[in-house]
Undergrad: 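Quick one: the structure is below, questions incoming.
Computation of the quantities below employed the complete heavy-atom set of this structure, encompassing side-chain atoms and omitting hydrogens, waters and symmetry-equivalent molecules. Below, chain A is the first sequence line, B the second, and so on; all start at residue 1. These numbers come from a predicted model, not from an experiment.
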Amino acid sequence: MAQDKKMVEAITPMSVDFAQWYTDICKKADLIDYSSVKGCMIIRPYGYAIWENMQHILDTKFKELGHENVYMPMFIPETLLEKEKDHVEGFAPEVAWVTMGGNEKLTERLCVRPTSETLFCEHYANIIKSYRDLPKLYNQWCSVVRWEKTTRPFLRSREFLWQEGHTMHATAEEAREETLRMLNVYAKFHEQDLAIPVIEGCKTPSDKFAGAEDTYAIEALMHDGKCLQAATSHYFGDGFAKAFDIKYTTKENTLAYPHQTSWGCTTRMIGGVIMTHGDDNGLVLPPAIAPIQVIIVPVAQHKEGVLDAAYKLRDVLLSADIRVKVDDSEQSPGWKFAEYEMKGVPVRIEIGPRDIEAGQCVVAMRYNMEKTSVSLDGIVDTIKAKLVEARDGMYKKALENRERRTYDCTTIDEINEALSKGDGFIRAMWCGEETCEDEVKAKTGAGSRCIPLVQERISDRCVCCGKPAKSLVYWGKAY
RNA sequence: CGGGGUGUGGCUCAGUUUGGUAGAGCGCUUGGUUCGGGACCAAGAGGUCGGGUGUUCGAGUCACCUCACUCCGACCA
């Protein structure tokens, strides 16, 4: 068996057409189907199970940190959306409107939420009266609508699932801490659970969220060298509080505006997982979010004892809280191998007459396609170790890809030369002027991605104008 | 929103140049043989050709309109 051979003919190879490869995986791994409305996708059970696993990990973490889940309406009256000027200007081009109720024209049109800052603010204005009411740490899981012009499954759909945290704090310091705390939650989730290395950073002023004082984000590098903003966390200061007249009485009996944050991540993360870990045989899922962590494929299952051994093995693993399944369908073993590789199941166990006789089974790892025979004694510990190994191996591979595609540059020419070898992260110094930011993008195609929290000084001069540099910036072509 | 590509059984596509009885492979159903990398044989079911309007004796095929998907740009989670 040649391990480097492409075993699934149905998927367009990455090297031939990365975009096509991506959509092939979305469809062939049964993650999504298209619906009859442009940009609105059907998330199928296998895709949704991935989302549920992501949700569960994050939701648990949010609650540990004191956040409470709520649900806000999906409609925002136009006047409410318009209360914060920058915010409405940022979102107006992509909101969907409801203008009719039944057969009657509404007196005020309703926006289908693109994000819920305004709704939270309206509510907070009603319930925050005293410093004793702070902080307010709310989160909601819902879908939002943004009328995108071009759409792609998970990466850019008109309706997408997400989580939005909205918090209110007595002081700016507290709110700033919260902003970074949640950014870190996202970063850890990506690195630990999704095995995706990320850069934590701050957006440049031109790239900030509409209405935010500071926008932070985590940026990941995909297999093709393009960047993906994987999650964001915003510090709002008291701008919205002022616009929505949210005031509380302090201990000293004075009136003050609270300071606000919001932070979110979306089903786009599934796209990030696909484009970070996937290969020409299909999806490769990190164990933490894989709906099936271990697939057991019985070989010659009609022979006596084979299925029983498979079920027994399943039960042992199940009792150790491993998400495991036996595929006892009538398909051939080869078909099953290919099928679960396409679906990215991290670990496959083959068990047939030869194994049973030897007290063994075959364990195949999805991320590197390695196959080994292991003893059935102590199988739980073996498989647990394999799942850890899968996460670590995937992370290492992704990090190597990022490092291979990260270039330090001090001039525009160097950027262009670096990018001629393939897309990736460009690290270069910046003076802080928007004109330079625009010029870099115009001349190289690489936009500013973020100002990393961990700063280094790779030169004293701006990569564009040559004036004294303020900060190191990551640049790249983005999804 | 600009530029390309594609819409024909569930899926992938041929047929469109030159208008004349709707095709293939895969999948599906049934029966049998198989089973350590997408098995094989036999029989069977399944399509108003994305939608609309027009031209024509006759349209999957020609014209116009429209919708969707997809790729490449600009904008965005």
Undergrad: Which one is paired to B:rG38, where only Watson-Crick or G-U wobble pairs with both distances under 3.5 angstrom count?
TA: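 Answer to the pairing question: none, since B:rG38 forms no Watson-Crick or G-U pair.
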Undergrad: Would you list the protein and nucleotides 39-47 of chain B atom pairs, both N or O, that sit under 3.5 Å from each other?
TA:
from   : atom 1 : to       : atom 2 : distance (Å)
B:rA39 : OP1    : A:Ser332 : OG     : 3.2
B:rA39 : OP2    : A:Ser332 : OG     : 2.6

Undergrad: According to side-chain hydrogen bond (donor to acceptor under 3.5 Å, both in side chains), who are the partners of A:Asp214, at least two apart in sequence or on a separate chain?
TA: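 For A:Asp214 the side-chain hydrogen bond (donor to acceptor under 3.5 Å, both in side chains) partners, ignoring immediate neighbours, are A:Arg176.
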Undergrad: Taking salt bridge (charged side-chain N to carboxylate O under 4.0 Å, His left out) as the test, write out the residues that go with A:Glu68, two or more places apart.
TA: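 Here no residue qualifies.
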Undergrad: When you compare the ring of A:Phe160 with the six-membered ring of B:rA77's base, are the centres less than 5.5 Å apart and the planes under 30° from each other?
TA: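 Here A:Phe160 meets both the 5.5 Å and the 30° conditions.
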Undergrad: Taking the P atom in each of B:rC64 and B:rU55, what is the distance between them to the nearest angstrom?
TA: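 It works out to 15 Å between them.
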Undergrad: Just to be sure I understand the rule, does A:Phe154 reach a base, reach only the sugar-phosphate, or reach nothing, if contact means heavy atoms closer than 4.0 Å?
TA: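 Base, at least one base heavy atom under 4.0 Å.
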Undergrad: In terms of ring plane angle, is the pair A:Phe244 and A:Phe240 parallel, tilted or perpendicular, where the classes change at 30° and 60°?
TA: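 A:Phe244 vs A:Phe240 ring planes: parallel.
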Undergrad: Toward the 5' end of RNA chain B, which comes first, A:Lys441 or A:Ala364, by nearest nucleotide?
TA: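 Looking at RNA chain B, the more 5' nearest nucleotide goes with A:Ala364.
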Undergrad: How would you label the contact of A:Lys27 with the nucleic acid (heavy atoms, under 4.0 Å): base, sugar-phosphate, or nothing?
TA: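 No contact.
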Undergrad: Is A:Lys371 side chain donor-acceptor paired with the B:rG37 base, going by distance under 3.5 Å alone?
TA: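 Per atom types, the contact qualifies.
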Undergrad: B:rC72 C1' sits how many Å from A:Phe18 CZ, rounded?
TA: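 Answer to the nearest Å: 15 Å.
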Undergrad: Scan A:Pro93 against the nucleic acid and name what it touches under 4.0 Å (heavy atoms): base, sugar-phosphate only, or nothing.
TA: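 Here A:Pro93 touches no strand at all.
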Undergrad: Name the nucleic acid region contacted by A:Ser157, choosing base, sugar-phosphate or nothing; use a 4.0 angstrom heavy-atom cut-off, strictly under.
TA: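 Counting heavy atoms under 4.0 Å across all strands, the contact made by A:Ser157 includes a base.
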Undergrad: Write down the partner of B:rU48 under the Watson-Crick or G-U wobble criteria, each distance required to be under 3.5 Å.
TA: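 Base partner found: none.
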Undergrad: Can you list every side-chain hydrogen bond (donor to acceptor under 3.5 Å, both in side chains) pair that touches residues 295-306 of chain A, not counting sequence neighbours?
TA: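 side-chain hydrogen bond (donor to acceptor under 3.5 Å, both in side chains) check on residues 295-306 of chain A returns A:Gln301-A:Lys336.
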Undergrad: Determine whether the aromatic ring centres of residues A:Phe209 and A:Tyr235 are separated by less than 6.0 angstrom.
TA: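 No, the ring centres sit 6.0 Å or more apart.
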Undergrad: When the P atoms of B:rC41 and B:rC35 are compared, how many Å lie between them, rounded to an integer?
TA: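 Those two atoms are separated by 16 Å.
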Undergrad: Can you name the salt bridge (charged side-chain N to carboxylate O under 4.0 Å, His left out) partners of A:Glu148, sequence neighbours left out?
TA: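 Only A:Arg156 meet the salt bridge (charged side-chain N to carboxylate O under 4.0 Å, His left out) criterion with A:Glu148.
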Undergrad: In whole Å, what is the span from the CD atom of A:Glu339 to the P atom of B:rG27?
TA: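 So the two atoms are 13 Å apart, to the nearest Å.
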Undergrad: Are A:His190 and A:Tyr186 an aromatic pair, judged by ring center distance below 6.0 Å?
TA: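 Distance test on ring centres: not under 6.0 Å, no.
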Undergrad: Have a look at A:Thr232 and say if it touches a base, only the backbone sugar-phosphate, or nothing, with a 4.0 Å heavy-atom cut-off.
TA: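 Nothing, no heavy atom under 4.0 Å.
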Undergrad: What's the NZ-C1' distance between A:Lys28 and B:rG10, to the nearest Å?
TA: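 Going from NZ in A:Lys28 over to C1' in B:rG10 covers 14 Å.
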Undergrad: Quick one: label A:Leu155 by what it contacts on the DNA or RNA (base, sugar-phosphate, nothing), any heavy atom closer than 4.0 Å.
TA: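 Contact class for A:Leu155: base.
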Undergrad: In whole Å, what separates the P atom of B:rU18 from that of B:rA63?
TA: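 One P to the other, the span is 11 Å.
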Undergrad: Can you list every side-chain hydrogen bond (donor to acceptor under 3.5 Å, both in side chains) pair that touches residues 48-60 of chain A, not counting sequence neighbours?
TA: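 Qualifying pairs: A:Asp59-A:Lys63, A:Asp59-A:Asn69, A:Asp59-A:Trp141.
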Undergrad: Under 4.0 Å between any heavy atoms, over every strand shown, what does A:Glu94 touch: base, sugar-phosphate, or nothing? Just pick one.
TA: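 A:Glu94: backbone/sugar contact only, no base atoms under 4.0 Å.
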Undergrad: Which base, if any, makes a Watson-Crick or G-U wobble pair with B:rG7, both distances under 3.5 Å?
TA: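 Paired with B:rC67.
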Undergrad: Rounding to an integer number of Å, can you tell me how far A:Met369 CE sits from B:rG36 P?
TA: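 For the pair A:Met369 CE and B:rG36 P, the rounded distance is 18 Å.
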Undergrad: In whole Å, what separates the P atom of B:rG4 from that of B:rG9?
TA: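 Roughly 26 Å separates the two P atoms.
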Undergrad: On a whole-Å scale, what distance lies between the C1' atoms belonging to B:rU21 and B:rG15?
TA: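 Straight-line distance between the two C1' atoms is 14 Å.
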Undergrad: Under 4.0 Å between any heavy atoms, over every strand shown, what does A:Glu148 touch: base, sugar-phosphate, or nothing? Just pick one.
TA: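 Base contact - A:Glu148 has a heavy atom under 4.0 Å of at least one base atom.
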Undergrad: Can you list, by residue number, the residues of residues 299-311 of chain A that have a non-hydrogen atom closer than 4.0 angstrom to RNA chain B?
TA: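 Per residue number, the list reads A:Val299, A:Ala300, A:His302.
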Undergrad: What is the pairing partner of B:rC13, taking Watson-Crick or G-U wobble pairs with both distances under 3.5 Å in any strand?
TA: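 Partner of B:rC13: B:rG23.
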Undergrad: Rounded to whole Å, how long is the line connecting atom CD of A:Glu341 with atom P of B:rG36?
TA: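 One finds 15 Å between P of B:rG36 and CD of A:Glu341, rounded.
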Undergrad: Round to a whole Å and report the spacing from CE of A:Met342 to P of B:rC11.
TA: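 It is 15 Å, rounded to the nearest whole Å.
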Undergrad: Would A:Phe62 and A:Trp263 count as a close aromatic pair, with their ring centres under 6.0 Å?
TA: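 For A:Phe62 and A:Trp263, the ring centres are under 6.0 Å apart.
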Undergrad: Could you measure between the two P atoms, the one in B:rU12 and the one in B:rU8, and give it in whole Å?
TA: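 Pairwise P distance, B:rU12 against B:rU8, rounds to 8 Å.
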Undergrad: Counting only side-chain heavy atoms from C-beta out, which of B:rG38, B:rA77, B:rG36 sits nearest to A:Arg268?
TA: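 Closest nucleotide among those given: B:rA77.
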Undergrad: With sequence neighbours excluded, what pairs up with A:Asp193 under the side chain to side chain contact (heavy atoms under 4.5 Å, CB included) test?
TA: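 Counting only residues at least two positions away or on another chain, A:Asp193 forms a side chain to side chain contact (heavy atoms under 4.5 Å, CB included) with A:Ile57, A:Phe189, A:Ala288.
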Undergrad: Once you round it to whole Å, what is the distance between P of B:rG37 and OH of A:Tyr340?
TA: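 My rounded result for the distance is 17 Å.
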Undergrad: Of A:Glu159 and A:Ile356, whose closest RNA chain B nucleotide lies nearer the 5' terminus?
TA: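 Mapping each residue to its closest nucleotide by heavy atoms, the 5'-most match is A:Ile356.
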Undergrad: Once each nucleotide of nucleotides 65-71 of chain B is scored for protein heavy atoms under 4.0 Å, what B/S/- sequence comes out, 5' to 3'?
TA: ---SSSS
Undergrad: Using ring centroids (six-membered ring only for Trp), state whether A:His166 and A:Tyr138 fall under 6.0 Å.
TA: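 Not close enough - the centres of the two rings lie 6.0 Å or further apart.
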Undergrad: The criterion is side chain to side chain contact (heavy atoms under 4.5 Å, CB included); which residues satisfy it with A:Glu191, sequence neighbours excluded?
TA: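 Result, side chain to side chain contact (heavy atoms under 4.5 Å, CB included) vs A:Glu191: A:Pro197, A:Val198, A:Tyr395.
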Undergrad: Suppose we define a pair by two distances each less than 3.5 Å, Watson-Crick or G-U wobble; what does B:rA43 pair with here?
TA: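 Checking every strand shown, B:rA43 finds its partner in B:rU29, with both distances under 3.5 Å.
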Undergrad: Considering only the C1' atoms, how many Å lie between B:rG7 and B:rU66, rounded to the nearest integer?
TA: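 Going atom to atom, C1' in each nucleotide, I get 13 Å.
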Undergrad: For the P atoms, the ones on B:rC26 and on B:rC62, what distance do you get once it is rounded to whole angstrom?
TA: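 Rounded to whole Å, the distance is 30 Å.
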Undergrad: Just jot down the side-chain hydrogen bond (donor to acceptor under 3.5 Å, both in side chains) partners of A:Tyr22, sequence neighbours excluded, or say none.
TA: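 So A:Tyr22 forms no side-chain hydrogen bond (donor to acceptor under 3.5 Å, both in side chains) with any residue.
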Undergrad: How many Å lie between CG on A:Leu194 and P on B:rA77, as a whole number?
TA: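 Roughly 20 Å, once rounded to whole Å.
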Undergrad: Below 30° counts as parallel, above 60° as perpendicular, anything between as tilted: where do the rings of A:Trp162 and A:Phe160 land?
TA: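 Judged by the thresholds at 30° and 60°, the geometry between A:Trp162 and A:Phe160 is perpendicular.
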Undergrad: Checking A:Ser262 now: which residues fulfil side-chain hydrogen bond (donor to acceptor under 3.5 Å, both in side chains) with it, not counting sequence neighbours?
TA: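 Only A:Glu117 meet the side-chain hydrogen bond (donor to acceptor under 3.5 Å, both in side chains) criterion with A:Ser262.
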Undergrad: Give one of base, sugar-phosphate or nothing for A:Val362, where a contact means two heavy atoms less than 4.0 Å apart.
TA: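 Base, at least one base heavy atom under 4.0 Å.
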